[in-house]
Structures are given as structure tokens and as C-alpha cells.
Amino acid sequence: MTATRTPRATPAAAPVKGPAPDRAGRLRRIRPLTLPAAVLLLLALLPYSALDVPVLLDGPVNSPGSLQLFALCLVFGGLALGYDLMFGRTGLLSFGHALYIAGGAYGTQLAMAELGLGLVPAALLTLVLGTLAAVVLGAVSLRTLALGSVGFAMVTLAFAQAGSIYVERNPGGLTGGEEGLPLHVDGVPAALVGVQNTAHVYWLALAYLTLVAAVVWTVTARPIGRVWQGIRDNEQRVAVLGRSPFACKLGAFTLASALAVLGGVLHLLVTAGATPHTSTPEFTLTLLVMVVLGGSGTRWGPVVGGVLFTYLDQRLGGWNLGVEPMLVLGALFVAAVYAAPGGLTALGRRRSS
């Protein structure tokens, strides 16, 4: 007889170890925040650094002059990012964005000087009125899109030009005309006044940029952000899907304008005054150049373009190049556009790939 063999049981395969699904999900959500958090921490610690950079800065990093320069760069980084919410994300070319920046600066200044309000109540009042004005003027401007995008650009330009003329004519002595208005320090907290408190103004500018980035990056990641992108690419398809392009574009215009009003308040604090230049259409063109330089419709492009352009604009005059600074800046912009048609951040992505 042949003995029957009993087959040996095959040991069960050991389970593959790995992160739990919920832990993996948390890691995926946290990973995109790593770089912004690291950059934010580095920028927040700058006022504690006494590093001396001879050519790039006139003094140590934590000197009042350097911190004011950094604060101005951060403000323009936030302004450019807010403008790109219309231009790069929704495809709306506005030449009147400066109207809301000047409104934030002059409105806050006048609310403090004429109404006796403190900085925070004056800024909140200006923000509310500026947002309401954006809803009305945005609705009027967007109605001209039936004539094409040029009609929208021209109407926003007309509104901005009217505001600039109003500021220059100085009705009732309210705007200061060509001289502008100095900061009404009686309404500003003492912690934000004086050279010794430049670090506090810098941190406030950093908070503004952080707020703008959080708002823009959050809303563009939501369904409304994809609708804005769809409007930019093919507005008729969005209308066929049952969404109102007009309402969506008005929402983008209003949100971008509200962020501009708040940026005007920060510009008032950093420059210690409201200047008529912020009301001109040329100011809006500067924001457009910043966005194109860094990369429109990208996550970091407008911030990089705003910071870099502002830094060069402020520093080229002190380097004694023997050439008009704006000529050098224009040549650098043309070279950057040829080298990176999609913006400086697109150039970085090409190299990494």
C-alpha cells in the first residue's frame, strides 16, 4: 500500500505593512503645506537676523530700511496675487485695479483724519464700502463683455482714470493733490508708528500676504475655482453646464477688489502715507507686469513676480549703474519673458522636469 501524504498547510502571507488609510490621507493633505509653512517661518524670523548683505541691502537684514523694503515687497506680492485672481484665474483683464488700492489707502486715511476712527474701524469701514463699490462697478464693467474683453478693459480703465483725476484735483483739500496725504498717526496704534517699530509693520505686511495666499489658494482649489478656469478657457461651455458666467466673474472681481482695498491699507502703513500714484492706471499696469513676470495663473508666480519687481524697482536706483533704472528694469523684463514665456516659475518647473 502506498502511504498518502497529507499536504502541508501553506503559511498565510504576512500583511504588507503601510500607513493606515487615514494617516496616508492626512499626509497627502499636509504635504502641500510644507513649503508654504517653511517659507512663512523663515520670513517671520527675518527681523531677528543681523545678517549683513553688502550689495543687495544697505544695512543688516533687521535694519529699519531693509525691513521696510521687505514689507513693501510682501505687500506687492499680495497685490499681484490678488490681481491674478482675475487675470490669470478667470481671464479678466482689468486696467482699473488701482482704483481699489487707492480707495483702501485714501479711505482709511480719511476715516481716521476726518471721522476720528482708529486704524481697525477705519480699515473695516473702508473694506465694506470698497467691496460694495466693487460689486456695483464690477457689474457695470462686466456688462460690456458683450463687446469683448477689450470693452471690459476700457470701462475699468475709465473708472480708474476718473478716480485718478479726482485724487489729483484735491476737492475740498481731502486728497492732498499731487502731494498725497501723510499717515494720520493719531489713529494708528503706537506699536506701528516710528522707525523702532518697523518690524511690527513688516509682520503686518507678512500677515497680509499670508491672508491673500490662503484666500486665493483655497478658493481656486474649490469647485468655484474650476468654474473660473472653465470661464477663462471656454465661457460658453460653462453656460451650457448651467452655471452663470456673469455671477461667477462678478464674484472673482469683487473678491480681488476687496483684497486690493485691504492691500491699500497696508500700502498706507508701509509707505506712511497715501500717494496719488496708487490711483493711476499705470499702477495697475505694474501689477500686470508683476503677474506676467512671475507666471499668471500659477500658485507662486504672482508672488515671486511682485516681490522681485518691487525689490529691483527700489534697489536699482541705489546701485549707480549710470543708466535710468526703469530702462534696466524694462530690459530685464523683456529678457525674462523671452527666457521664460510662462513666467519665472514655469522656468523652474521646466528645469526640474
Given Q161 and T280, is the side-chain contact (heavy atoms from CB on, under 4.5 Å) satisfied, shown in steps?
-> CA-CA 7 Å; Q161 192 65 43; T280 61; over 6 Å; no

Do the side chain of [X] and the main chain of [Y] share a donor and acceptor less than 3.5 angstrom apart?
X: S49; Y: L46; answer: no
X: E235; Y: G230; answer: no
X: T220; Y: R89; answer: no
X: R169; Y: G177; answer: no
X: S66; Y: N62; answer: no
X: W228; Y: C248; answer: yes
X: W203; Y: A44; answer: yes
X: S164; Y: A160; answer: no
X: D84; Y: A80; answer: no
X: Q229; Y: T90; answer: no

Within one Ile-Leu-Val-Met-Phe-Trp-Tyr cluster: [X] and [Y], side-chain cutoff 4.5 Å:
X: L92; Y: V135; value: no
X: L137; Y: V128; value: no
X: L67; Y: L51; value: yes
X: V39; Y: L41; value: yes
X: L119; Y: L110; value: no

Nearest heavy-atom pair of [X] and [Y]: which atoms, and what distance?
X: T310; Y: M290; answer: OG1-CE, 3.5 Å
X: F253; Y: A134; answer: CE2-O, 3.5 Å
X: R315; Y: L69; answer: CD-CD2, 3.8 Å
X: Q109; Y: L183; answer: OE1-CA, 3.5 Å
X: V201; Y: L192; answer: CG2-O, 3.7 Å
X: Y106; Y: T175; answer: CE2-O, 3.3 Å

Is there a side-chain contact (heavy atoms from CB on, under 4.5 Å) between R243 and I231 once you walk through the steps?
-> CA-CA 10 Å; R243 302 301 294 264; I231 291 174; over 6 Å; no

Taking C-beta and beyond as the side chain, do [X] and [Y] meet within less than 4.5 Å on heavy atoms?
X: S279; Y: L99; value: no
X: V265; Y: Y208; value: no
X: L93; Y: F87; value: yes
X: W217; Y: P36; value: yes
X: V307; Y: F76; value: no
X: T298; Y: P302; value: yes
X: L125; Y: L129; value: yes
X: V75; Y: L209; value: no

Results of salt bridge (charged side-chain N to carboxylate O under 4.0 Å, His left out) for D52 - residues two or more places apart only =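 Salt bridge (charged side-chain N to carboxylate O under 4.0 Å, His left out) list for D52, sorted by chain: empty.
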
Tell me, with the steps shown, if T284 and T156 meet side-chain contact (heavy atoms from CB on, under 4.5 Å).
-> CA-CA 11 Å; T284 302; T156 56; over 6 Å; no

Establish, for the pair R143 and F152, whether the NZ or CZ atom is under 6.0 angstrom from the six-membered ring centre and no further than 45 degrees off its axis.
->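 Output no; distance or angle outside limits.
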
Rounded to the nearest 0.5 Å, what separates atom [atom1] in [X] from atom [atom2] in [Y]?
X: L211; Y: L206; atom1: CG; atom2: CG; answer: 11.5 Å
X: T218; Y: I224; atom1: OG1; atom2: CD1; answer: 14.0 Å
X: D233; Y: Q236; atom1: CG; atom2: CD; answer: 13.5 Å
X: L269; Y: H200; atom1: CG; atom2: NE2; answer: 13.5 Å
X: Q314; Y: C73; atom1: CD; atom2: SG; answer: 7.5 Å
X: L329; Y: L308; atom1: CG; atom2: CG; answer: 8.5 Å

Hey, mind stepping through T286 and Y83 against side-chain contact (heavy atoms from CB on, under 4.5 Å) and telling me if it holds?
-> CA-CA 11 Å; T286 302; Y83 180 77; over 6 Å; no

Kindly assign one of parallel, tilted or perpendicular to the pair H267 and F283, based on the angle between their ring planes and the thresholds 30° and 60°.
->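 Plane angle over 60°, so perpendicular.
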
Those residues that, when tested against S94, pass side-chain hydrogen bond (donor to acceptor under 3.5 Å, both in side chains) (two or more places apart) =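 None.
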
